[in-house]
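The structure appears right after this line, and notes come after that.
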Amino acid sequence: TSDCHITTIVDVSIKKFIKPDIYLLNDKKNYFLAYIELSKFSTAKLSVKPYLNNFSPFQINTNLLNISGKILWQCSKIFSK
């Protein structure tokens, strides 16, 4: 809703996968949040689950993923009138 405010703190010095967590990804200058973990099917791939449910999860080679940062903290506040 327009009454919702989300605050996210991102460590932009992290540019590679460290551990399963939420990361800021860059796909051709389209930035989005996604939960990333090691693939259960291949050690060379990562499992990416976009934060928004209207995008499908996918597998990608580790060296092809463009990580722009790691989420350190996130909260939301819904304002009521």
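Since the structure is predicted, the reported quantities are computational estimates derived from the model, not experimental observations.
- The cluster map of Ile, Leu, Val, Met, Phe, Trp and Tyr, joined by side-chain heavy atoms under 4.5 Å apart, puts Leu24 and Ile14 in different clusters.
- Side-chain atoms of Leu25 and Leu33, non-hydrogen and from C-beta on, never get closer than 4.5 Å to each other.
- Pairs of residues two or more places apart, or lying in two chains, that qualify as salt bridge (charged side-chain N to carboxylate O under 4.0 Å, His left out) and include a residue from residues 23-47 are Glu37-Lys49.
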Show every donor-acceptor pair shorter than 3.5 Å between a side-chain atom in residues 54-68 and any protein atom, with sequence neighbours excluded, or say none if there are none.
| unit_1 | atom_1 | unit_2 | atom_2 | d |
| --- | --- | --- | --- | --- |
| Gln59 | OE1 | Ser39 | OG | 2.6 |
| Thr62 | OG1 | Ala44 | O | 3.0 |

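- Linking Ile, Leu, Val, Met, Phe, Trp and Tyr whenever their side-chain heavy atoms come within less than 4.5 Å puts Tyr51 and Val10 in one cluster.
- Following chains of ILVMFWY side-chain contacts shorter than 4.5 Å, one cannot reach Ile36 starting from Ile22, and the two form parts of different hydrophobic clusters.
- For the side chain to side chain donor-acceptor pair (under 3.5 Å) condition, the pairs that include at least one residue of residues 11-26, sequence neighbours left out, are Asp11-Ser13, Asp21-Lys70, Asn26-Tyr31.
- Hydrophobic cluster of Ile9: the remaining members, joined at side-chain heavy-atom separations below 4.5 Å, are Leu72, Trp73, listed by chain and number.
- Between Leu46 and Leu38 there is a side-chain heavy-atom pair separated by less than 4.5 Å.
- Other residues, nucleotides and ligands contribute more than 12 heavy atoms inside 6.0 Å of the CZ atom of Phe17.
- Heavy atoms only, all atoms of each residue included: Ala34 and Pro50 are closest at CB-CA, 3.8 Å.
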